[in-house]
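Heads up: the structure comes next, in structure tokens.
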Amino acid sequence: MPELPEVETIVRSLRSRLSGRKIEAIRVLFPPLLRNGRLSGLKKFEGTRLIGLRRRGKMILIDYQNGFSLLLHLKMTGQLLFCQKTAALDKHTRLVISFQSTARELRFRDVRKFGFIRCLKTAEAAAAPELKNLGPEPLGLDLQSFRRLLDGRRGRLKSRLINQTFLAGIGNIYADEILFESKLHPASDIVHLRPGQIKRLWQSIQFILDKAIAARGTSVRDFRDGDGLEGSFQARLRVYGREGQPCLRCGGKIVRLRLAGRSSHICPRCQQLIPVKRASKATTSQR
DNA sequence: GCCACTGTTAGCAT
DNA sequence: CATGCTAACAGTGG
């Protein structure tokens with residue numbers, strides 16, 4: 001479930017631990033993990049230094065001094081763990097990067113095997129197929145630009161929010177939390193959003209993602225940071241996973257809907273479908 | 001044991 | 001072009 005806040009947490013927790021370290025070896029234990037090139041191509045990393053760790057959307061970029069980078073996606077169950085070389089290797093470990101002069105190594109675990117890595121030249125990273133169509137980073141995006149992203153669009157609001165070509169980094173959990181915070185229904189048609197609602201949505205995106213990063217991510221199931229530690233935002237979720245429980249705002253019952261094959265958690269009282277056309281009041285209007 | 005469910009993205013269908 | 005559905009996979013829970 002790593003979404004933007006989880007990936008950011010992983011990157012932050014690992015950056016200081018890994019920066020400047022000289023690579024000993026990169027071992028791929030599950031070869032289909034590598035999306036391009038040959039495994040032997042990873043030899044070129046031996047002896048070079050890891051010089052940077054970055055996040056773009058839900059992707060991680062590991063930059064090396066030899067001018068190459070590894071692009072990595074954790075998909076649903078991926079974990080990046082900096083642990084002792086002597087710690088038992090479990091069967092879900094897919095990749096190991098070991099370093100010189102330290103007893104610790106970086107392991108990529110991925111139970112469901114959806115994750116991948118791609119080797120590319122650092123200078124050409126932005127052109128990688130996984131990166132070139134990514135939308136802007138939601139944090140720090142100004143309201144004007146956000147409005148432009150929605151301008152002229154149709155379709156369900158939630159589908160937009162989790163569409164990575166629209167904004168990079170928001171997934172199912174945070175989309176639900178953001179929509180609850182902004183009091184918008186996931187199935188609202190974008191075209192019906194009023195300016196004030198778009199502003200509220202934009203503010204909610206900033207607010208929820210900020211708080212989730214500050215809480216070091218959400219550990220509903222698999223998520224751990226680079227040190228194997230859980231995040232704490234799961235305690236602050238207000239709709240996701242709270243089906244049947246009372247809404248913390250109005251006391252109503254949280255329900256779960258199915259939208260485009262994904263579960264959506266909402267408070268039906270706080271999040272009503274936008275009345276069609278320009279109703280200047282957000283009261284319950286019959287069409 | 002079996003089936004439904006989980007959430008991300010690619011790829012295909014509409 | 002845009003949107004929707006499903007497969008890829010493995011584990012969990014009913």
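Just so we're on the same page: letters track the sequence lines, and every chain starts at 1.
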Under 3.5 Å, side-chain donor or acceptor atoms of residues 38-48 of chain A against the rest of the protein: list the pairs with distances, not counting sequence neighbours.
from  : atom 1 : to    : atom 2 : distance (Å)
A/K44 : NZ     : A/G41 : O      : 3.0
A/T48 : OG1    : A/N66 : N      : 3.0

Next item on the list: Please state the P separation for the pair C/dC9 and B/dC12 - nearest whole angstrom.
Entry: 16 Å

Item checked: Closest non-hydrogen atom pair between A/A128 and A/L71, with its separation -> CB-CD2, 4.3 Å

Notebook entry, point to check: Does anything in residues 199-214 of chain A pair up under side chain to side chain donor-acceptor pair (under 3.5 Å), and if so which pairs, sequence neighbours excluded?
Noted result: none

Could you go through nucleotides 2-6 of chain C and list every protein N or O atom that sits under 3.5 Å from one of its N or O atoms, giving the distance for each pair?
from  : atom 1 : to     : atom 2 : distance (Å)
C/dT3 : OP1    : A/R154 : O      : 2.9
C/dT3 : OP2    : A/R160 : NH2    : 2.5

Margin query: If we count only N and O atoms by modelled type, under 3.5 Å, do the side chains of A/E6 and A/Y174 hold a donor and an acceptor together?
Written below: yes

Margin query: Any donor-acceptor pair under 3.5 Å linking the side-chain atoms of A/T9 with those of A/D225?
Written below: no

Next item on the list: Taking the side chain as every heavy atom from C-beta outward, state whether A/F99 and A/L18 have any atom pair closer than 4.5 Å.
Entry: yes

Check: In B/S/- notation, 5' to 3', how is nucleotides 9-14 of chain C contacted by protein heavy atoms closer than 4.0 Å?
Finding: BBSS--

Notebook entry, point to check: Does A/E105 come within less than 4.0 Å of A/R107, counting only side-chain N to carboxylate O?
Noted result: yes

Notebook entry, point to check: With A/H73, which residues qualify under ring pair (Phe, Tyr, Trp, His ring centres under 6.0 Å), at least two apart?
Noted result: A/F116

Notebook entry, point to check: Considering all heavy atoms of both residues, which atom of A/I190 and which atom of A/R160 are nearest to each other, and what is their separation?
Noted result: CD1-CG, 2.8 Å

Check: Counting only non-hydrogen atoms, which of residues 171-185 of chain A are less than 4.0 Å from DNA chain C?
Finding: none

Margin query: Within a 6.0 Å radius of atom NZ on A/K85, are there more than 12 heavy atoms belonging to other residues, nucleotides or ligands?
Written below: yes

Next item on the list: Kindly indicate whether a cation-pi arrangement holds for A/R249 with A/F180, taking the cut-offs as under 6.0 Å to the six-membered ring centre and within 45° of the axis.
Entry: yes

Notebook entry, point to check: A/F68: what forms a ring pair (Phe, Tyr, Trp, His ring centres under 6.0 Å) with it, not counting sequence neighbours?
Noted result: none

Note to self: My validator wants the stems of DNA chain C: runs of 3 or more consecutive Watson-Crick or G-U pairs, both distances under 3.5 Å, written as range with range.
What the structure shows: B:2-6 with C:10-14, B:8-14 with C:2-8

Margin query: Run the salt bridge (charged side-chain N to carboxylate O under 4.0 Å, His left out) test against A/E124 and tell me which residues pass, sequence neighbours left out.
Written below: none

Note to self: Suppose the criterion is ring pair (Phe, Tyr, Trp, His ring centres under 6.0 Å): which pairs have a residue in residues 125-144 of chain A, not counting sequence neighbours?
What the structure shows: none

Notebook entry, point to check: So what does A/T77 hit on the nucleic acid, given a heavy-atom distance under 4.0 Å: a base, only sugar-phosphate, or nothing?
Noted result: nothing

Notebook entry, point to check: How would nucleotides 9-14 of chain B be written as a contact map, 5' to 3', with B for base contact, S for sugar-phosphate-only contact and - for no contact, using protein heavy atoms under 4.0 Å?
Noted result: S-----

Next item on the list: For residues 88-104 of chain A, pull every pair meeting salt bridge (charged side-chain N to carboxylate O under 4.0 Å, His left out), keeping only residues two or more places apart or in separate chains.
Entry: A/D90-A/R109

